[in-house]
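Notes to accompany the following structure.
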Amino acid sequence: MVALMLAAVAATCGRAQLHDKFYSESCPSVEDVVRKEMVRALSLAPSLAGPLLRMHFHDCFVRGCDGSVLLDSANKTAEKDAQPNQTLRGFGFVERVKAAVEKACPDTVSCADILALIARDAVWLSKGPVWTVPLGRRDGSVSISNETDALPPPTSNFTVLTQLFAAVNLDAKDLVVLSAGHTIGTSHCFSFSDRLYNFTGMENPSDIDPTLEPQYMMRLKSKCASLNDNTTLVEMDPGSFKTFDTDYFKLVSKRRGLFHSDGALLTDPFTRAYVQRHATGAFKDEFFADFAASMIKMGNANPLTGSQGEIRKKCNVVNH
């Protein structure tokens, strides 16, 4: 039943520009090729699932889902060179998947579509939902570092989050649902350490974020020794960071969300109610269906289609 519902959502959300059968004749094996590479990679490095999901997210929020996050720049002015993308991982893996797809179907499948399929499989292989991915995106040729201002920072409050999500046609429900992508993966201390040290600039040990649950804060302090810790990684969903589940909502409901943006979900009545409902763990299928629907909706953010853009031969460089 859930699978049928997700297929219907996919068809509805992608109908205007994208289609789940887009490669049915030109490259019918594309999903199998991507899935095979994903199974191989995550069997060796399951912690890669979170970063690969995040990469699709970071692609779609800047210029739409056009693969621009993958482009290199000789003078370091591309999206991947910007501070919000400095911690992205998996670029080399995306190139390996692209090479495998090119071998099966030369000059046919875009890097933007490959990212969307990789993100879906990252979730599914982490025991999360599966959905039908509308396809037909083409690759952009422009990647500008300062345009990453469109990415929602982990320091955002609810007002900023809703504004940035609305810019890509995502609403408050999409915000709370997609935030649960934090159920898999890790984060560097510097993305949240201002909650632990020097929260208001007072520069004393007691200057902490009062909205963070005290015991959890102390646990984080034991891992992140200072504001200057740029290397330590912390699980975003302690205990099950390799499994896509509803534990994220349990953490947020207890004021143990890692980022400001996680805690911000408790400051709005609608998103707080969603968090509290799914913190019970009793509505897993509902959340999985919601996540699939929001991912499809995000993946339909301003794609290049038809004769727009190009099909890159390699994901990190334009063809000409």
Side-chain angles (χ1 to χ4, degrees), residues 5-20 22 34 49-70 79 84-85 88 90 94 110-124 126 128-140 147-154 156 158 160-185 244 248 259 261-262 265 270-271 274 287-305 309:
M5 181 167 58
L6 298 186
V9 170
T12 300
C13 292
R15 188 176 294 134
Q17 298 165 312
L18 307 176
H19 194 274
D20 59 298
F22 187 82
V34 173
L52 292 173
L53 172 60
R54 184 173 173 234
M55 193 179 295
H56 180 47
F57 184 97
H58 280 222
D59 183 41
C60 290
F61 268 74
V62 182
R63 290 186 166 267
C65 310
D66 68 344
S68 55
V69 72
L70 302 170
E79 290 172 35
N85 288 331
L88 286 182
V94 174
S110 68
C111 296
D113 276 348
I114 288 173
L115 269 188
L117 291 170
I118 283 175
R120 186 270 307 274
D121 287 354
V123 171
W124 179 69
S126 301
V130 67
W131 58 93
T132 302
V133 179
L135 299 167
R137 301 167 189 81
R138 288 171 66 84
D139 296 322
E147 290 186 351
T148 57
D149 290 345
L151 290 168
S156 300
F158 188 79
V160 172
L161 288 170
T162 52
Q163 289 172 345
L164 292 172
F165 271 67
V168 288
N169 197 35
L170 297 173
D171 58 25
K173 182 175 182 180
D174 300 311
L175 165 60
V176 65
V177 169
L178 292 174
S179 292
H182 292 164
T183 186
I184 54 174
F244 195 97
Y248 167 81
F259 307 117
S261 58
D262 296 322
L265 299 176
F270 174 81
T271 53
Y274 192 95
F287 163 59
F288 275 19
D290 286 347
F291 190 84
S294 289
M295 285 294 291
I296 292 167
K297 189 175 175 183
M298 183 188 76
N300 202 42
N302 304 314
L304 300 175
T305 58

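In this text, all values refer to a predicted model and were calculated from it rather than measured experimentally.
- For Gln163, the side chain to side chain donor-acceptor pair (under 3.5 Å) test picks out no residue, with sequence neighbours left out.
- Residue pairs meeting the salt bridge (charged side-chain N to carboxylate O under 4.0 Å, His left out) criterion with at least one member in residues 130-140, sequence neighbours excluded, are Asp113-Arg137.
- Every side chain to side chain donor-acceptor pair (under 3.5 Å) that His182 has, sequence neighbours left out, goes to Asp262.
- For Asp66, there are no salt bridge (Lys or Arg N to Asp or Glu O under 4.0 Å) partners two or more places apart in sequence or in a different chain.
- In this structure Phe22 satisfies the ring pair (Phe, Tyr, Trp, His ring centres under 6.0 Å) test with no other residue, sequence neighbours excluded.
- Asp174 places a side-chain N or O within donor-acceptor distance of the main-chain N or O of Asp171, the cut-off being under 3.5 Å.
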Handout entry: Steps toward side chain to side chain contact (heavy atoms under 4.5 Å, CB included) verdict (Asn302, Arg63)
Key = CA-CA 7 Å; Asn302 304 314; Arg63 290 186 166 267; over 6 Å; no

_Evaluate Leu175 against Tyr274 for side chain to side chain contact (heavy atoms under 4.5 Å, CB included), listing each step before the verdict._
CA-CA 11 Å; Leu175 165 60; Tyr274 192 95; over 6 Å; no

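- For Leu151 against Leu164, the heavy-atom pair with the smallest separation is O-CD1, 3.9 Å.
- Between the CG atom of Asp290 and the NZ atom of Lys173 there is a distance of 3.5 Å, given to the nearest 0.5 Å.
- For Thr271, the side-chain contact (heavy atoms from CB on, under 4.5 Å) test picks out Phe158, Ala172, Val176, Leu265, Asp268, with sequence neighbours left out.
- A side-chain donor-acceptor contact under 3.5 Å links Ser156 to the backbone of Pro153.
- Side-chain atoms of Asp59 come within 3.5 Å of backbone atoms of Ser68 as a donor-acceptor pair (strictly under, hydrogens ignored).
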